[in-house]
Amino acid sequence: MMVLSSRLVALALVLYVTAVPAPTGHIVHEVRDIIPRGWTAVRRAEPDMVLPFRVGLVQPNLENIEEYIMDVSHPESPNYGKHWTPAKVASTFRPTKESVDTVRTWLVESGVASERVKLGTGGSWIKVNVTIEEAERLLGTEYYVYQFGEDESHTHVACHEKYHLPEHVSKHVEIVSPTLHFDTKPRGPAGQWQKLGSRDDASASSNSSAHAIGQPGFGTSFPKTTGTVQGIIDQLENCDEQIVPNCLRALYDFDYYPLVPEKNSLAIVEYTPQAYNASDLDIFFGNFSPSQVGQRPILYSIDGGYLETEDGGGFYYNGESNLDLQYSMTLVGPRQPVQLYQAGDFYEGASFGNLLDALDASYCTFEGGDDPEFDATYPDPHGGGYEGPENCGTVSPAYIMSTSYGYTEADLTPAYEQRQCAEYAKLGLMGITVLYSSGDYGVAGIGEACLDADGQVDWFGHTFAPAFPVDCPYVTAVGATRVNPNSTIFEPESACEQIIQSGGGFSNVFPVPSYQAAAVEHYLANYPPGYPDGTYNTSGSRAYPDISANGANYVVAVQGEYYLVYGTSCSSPVSAAIFSAINDARLAIGKSPIGFINPAIYTPEFMAAFNDITTGSNPGCGTEGFYAQPGWDPVTGVGTPNFVKLLALWLALP
Ligand SMILES: *[C@@H]1O[C@H](CO)[C@@H](O)[C@H](O)[C@H]1NC(C)=O
Ligand SMILES: *[C@@H]1O[C@H](CO)[C@@H](O)[C@H](O)[C@H]1NC(C)=O
Ligand SMILES: *[C@@H]1O[C@H](CO)[C@@H](O)[C@H](O)[C@H]1NC(C)=O
Ligand SMILES: *[C@@H]1O[C@H](CO)[C@@H](O)[C@H](O)[C@H]1NC(C)=O
Ligand SMILES: *[C@@H]1O[C@H](CO)[C@@H](O)[C@H](O)[C@H]1NC(C)=O
């Protein structure tokens, strides 16, 4: 348990009694009741500190987004596969001129010089650098410097409890940042996690470092390792002890030769300081795919993301990236390039917002991507603005994106999560498949966080803690399975309960999407786990994971040695490789990519093309968690992919 020094506690108490009254005519725009566990307000933020203030404007038509995405993603829809152009996405959700003008006028009338105010690409954020003093005045709030634990180098600036907006402005605004959201990575030793959680496994050997271990997040879901292995056994009989690419090919019936790699794309997303090590890739390729020795992912650097940190080699810097790239690149094979979206520089890191910004810019970038002065570029809302894709960015997002990072849902606010989730829906509308690993802590959140009865993070609570963004109904959540000990790949896998537990559960923010309702109802009606009321959300909310894939005993080369690695971090890139092959086959016959797959995979035909996992559970928060059962379950989703069956189904769709 975290022990705060009495000085900090005393300060926090003193700080908490000073609440600012709302300026007249202002209403509360967003509230958070409590700050995430481990953080303490240590002082008021310096008045002259500069904040990258961003106002997220209300987006028209957002209330129809489920309808839009179902229209292009449900196999029975006549518009299946008719994905939207970036320009159509941009123009459908582009905030109105009235919203832009209202917010801008408010800023200017509050004393922010007009030339300081910029409209972001895509038109949905107004951006302005303001001092803390200005931000406090604008929002009727107080900003504090929060510190994680006792580490003074490890801080985050956020406002206290709530912020206000003038009533007439509030209705044009979804969210203002940075305000209440702890979308930051604690910049401290990985070992701190051990102090907070009670986790007692191989990850406890994690090394300390002066820098953040990966971004983003108040917690990340890194792969775990039990250490190095001597002697790799590349034999199908040994997949219960060591997973190598051939095990996965055999398990998921996956053998594919790409036909149109130049038309196809997939990307792995990594957050600095996580980075891959090139010589480790070659060691792995040398053993498992010799023709790929020397092959590298195509780097897209986002907000300063770069490769190969000098400062931090080791499992905790290279483990995630090496794993993701070694397996995805080997499985798609030498013909299909893999893209790497490397986000964030070493010191500031990045959050999912940075990635989404980068992709958002590509919805419709004006003249190559620089932030426009908004008067010059804001399109006429009555038509005559940009319409065609020719005005949009040159970098379009890859057809499949796999990410293995996450937050605990309770550490952010619903408005923040809803806004970000809508961005994933937009990617889906454009035909992009967004995969997220479901987390490694079973029904607990990142780092084994659980909740108290009020829904706040409590490391010793018994209420399940869903994770974000994997609980967003517009991403595909990937859980973990394993080959049972002393079993072969020809016997059914179980939910992974070895070193890690497959993340799964029910969101407290997002209602159940229509595509999933019947599957979730079936599970709860037939296999209710029988926990006391309030243990998890039974009101009919988005449940995850959607699918699963093996996540135990992966052989991964890190710093010249092979490690045994565990995690849903393994499952997501492997699934990405399999779905990418299906995209290739569809693209080769002139069809669209598979895009947002959830509405398809919950149909009976597709569910039958997954290997249903019916054994194992995902313990957490002092419980056994949920049990894998016939049909969909919140441990392994609809099951693991059978490539051959899925390929046939997807090729048959328009
Ligand atoms: C805010 O300041 C940073 C750093 O000087 C600059 O890069 C950025 O463009 C500024 N943003 C705006 C909206 O002026
Ligand atoms: C952690 O890394 C430091 C160097 O940064 C090293 O001296 C130390 O032995 C390492 N500790 C462990 C447990 O690996
Ligand atoms: C697997 O087999 C080995 C050798 O036969 C045995 O020692 C071990 O207990 C078995 N493990 C399990 C989980 O059954
Ligand atoms: C349960 O989830 C719904 C969204 O589906 C949410 O509105 C509700 O507040 C959640 N309940 C609790 C107790 O968090
Ligand atoms: C990369 O890994 C190799 C071993 O494969 C090691 O010798 C080298 O130091 C690593 N580089 C960095 C920057 O960690």
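As a basis for the values below, the full set of heavy atoms in this structure was taken, side chains included, without hydrogen atoms, waters or symmetry mates.
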Next on the checklist: Students often mix this up, so state it plainly: with edges at 30° and 60°, are the rings of F506 and W632 parallel, tilted or perpendicular?
Outcome noted: perpendicular
Item to check | side-chain hydrogen bond (donor to acceptor under 3.5 Å, both in side chains) between S77 and D71, intermediate numbers included | outcome: CA-CA 6 Å; S77 164; D71 187 49; 3.2 Å; yes
Next on the checklist: Does N508 form a side chain to side chain contact (heavy atoms under 4.5 Å, CB included) with L451? I'd like the steps, not just the answer.
Outcome noted: CA-CA 11 Å; N508 287 319; L451 304 178; 3.9 Å; yes
Next on the checklist: One pair to check against side-chain hydrogen bond (donor to acceptor under 3.5 Å, both in side chains): H522 and Q629. What are the steps and the verdict?
Outcome noted: CA-CA 11 Å; H522 175 265; Q629 299 284 3; over 6 Å; no
Checklist entry - Distance from E30 atom CD to I175 atom CD1, nearest 0.5 Å? => result 5.0 Å
Checklist entry - Say you draw a straight line from CD1 of I594 to NE2 of H83; how long is it, rounded to the nearest 0.5 Å? => result 9.0 Å
Checklist entry - Do D633 and Y523 pass the side-chain hydrogen bond (donor to acceptor under 3.5 Å, both in side chains) test, and can you show the C-alpha distance, the side-chain angles, and the key distance before you say yes or no? => result CA-CA 6 Å; D633 53 69; Y523 177 82; over 6 Å; no
Item to check | L281 side chain reached by R296 side chain, heavy atoms, under 4.5 Å | outcome: yes
Checklist entry - Are side-chain heavy atoms of P492 and T614 found at a separation under 4.5 Å? => result no
Checklist entry - How about Y405 and Y436: are their ring centroids closer than 6.0 Å? => result no
Checklist entry - Given the rule in the ring-ring contact (aromatic ring centres under 6.0 Å, His included) test, do Y276 and Y317 qualify, once you have shown the distances and angles that lead to the verdict? => result CA-CA 8 Å; Y276 79 85; Y317 285 98; over 10 Å; no
Checklist entry - Are any of the side-chain heavy atoms of Y527 and F626 separated by less than 4.5 Å? => result no
Checklist entry - Where does the angle between the aromatic ring planes of Y300 and Y341 fall among parallel (under 30°), tilted (30 to 60°) and perpendicular (over 60°)? => result perpendicular
Next on the checklist: Run L325 and V338 through side chain to side chain contact (heavy atoms under 4.5 Å, CB included) and show every step you take.
Outcome noted: CA-CA 8 Å; L325 292 168; V338 170; 4.2 Å; yes
Next on the checklist: Distance alone, cut at 3.5 Å: any donor-acceptor contact between the side chains of E493 and N550?
Outcome noted: yes
Item to check | Side-chain heavy atoms of Y399 within contact of L266, under 4.5 Å | outcome: no
Checklist outcome for this item: Tightest non-hydrogen contact, residues V470 and V475, listed as O-CG2, 3.7 Å
Next on the checklist: Show the nearest heavy-atom pair for residues V244 and Y327, with the distance to one decimal.
Outcome noted: CA-OH, 3.7 Å
Item to check | Donor-acceptor under 3.5 Å (E174 side chain, S124 main chain) | outcome: no
Checklist entry - Is the closest side-chain heavy-atom distance between R419 and Q59 below 4.5 Å? => result yes
Next on the checklist: Under the criterion side chain to side chain contact (heavy atoms under 4.5 Å, CB included), I'd like the reasoning laid out for S404 against T568: C-alpha separation, chi angles, the key distance, then a yes or no.
Outcome noted: CA-CA 7 Å; S404 301; T568 51; over 6 Å; no
Item to check | Check: Y416 side chain, S177 main-chain N or O, donor-acceptor pair, under 3.5 Å | outcome: no
Item to check | Side-chain donor-acceptor pair present, S617, E624, cut-off under 3.5 Å | outcome: no
Item to check | P473 side chain near Q516 side chain, heavy-atom distance below 4.5 Å | outcome: no
Item to check | Criterion side-chain hydrogen bond (donor to acceptor under 3.5 Å, both in side chains) on S494 and T615, from CA distance to verdict | outcome: CA-CA 5 Å; S494 292; T615 50; 2.7 Å; yes
Next on the checklist: Ring centroids only, cut at 6.0 angstrom: are F643 and F254 within range, meaning strictly under it?
Outcome noted: yes
Next on the checklist: So if I apply the side-chain contact (heavy atoms from CB on, under 4.5 Å) rule between I613 and each of V638, T481, V635, which one comes out positive?
Outcome noted: T481
Item to check | Separation of I500 CD1 from Y441 OH (nearest 0.5 Å) | outcome: 9.5 Å
Checklist entry - Just by distance, with hydrogens left out, do T476 and N598 show a side-chain donor and acceptor under 3.5 Å apart? => result yes
Checklist outcome for this item: Nearest heavy-atom contact between G551 and S571 is CA-OG, 3.8 Å
Checklist entry - Mind checking whether T408 and V457 have side chains closer than 4.5 Å, heavy atoms only? => result yes
Checklist entry - Just by distance, with hydrogens left out, do S580 and Q336 show a side-chain donor and acceptor under 3.5 Å apart? => result no
Next on the checklist: Looking at every non-hydrogen atom in both residues, tell me the closest pair between T330 and P245 and how far apart they are.
Outcome noted: CG2-CG, 3.8 Å
Item to check | Min side-chain heavy-atom separation L427-Y424 under 4.5 Å | outcome: yes
Checklist entry - Is the gap between the ring centers of F468 and Y544 under 6.0 Å? => result no
Item to check | I298 side, atom CD1; L340 side, atom CG - distance, nearest 0.5 Å | outcome: 10.0 Å
Item to check | Nearest heavy atoms of D411 and R32, plus distance in Å | outcome: O-NH1, 3.2 Å
Checklist entry - To the nearest 0.5 Å, what is the distance between OG (S73) and CD1 (I597)? => result 10.5 Å
Checklist entry - Which atoms form the tightest heavy-atom contact between P545 and V478, and what is the distance? => result CB-C, 4.2 Å
Checklist outcome for this item: Between the CG atom in L653 and the OH atom in Y80, the distance rounded to the nearest 0.5 Å is 5.0 Å
Checklist entry - Step by step, would you call L323 with S569 a side chain to side chain contact (heavy atoms under 4.5 Å, CB included)? => result CA-CA 8 Å; L323 158 70; S569 289; 3.8 Å; yes
Item to check | Audit row: Y563, Y554, ring-ring contact (aromatic ring centres under 6.0 Å, His included) steps and yes/no | outcome: CA-CA 8 Å; Y563 283 76; Y554 277 54; over 10 Å; no
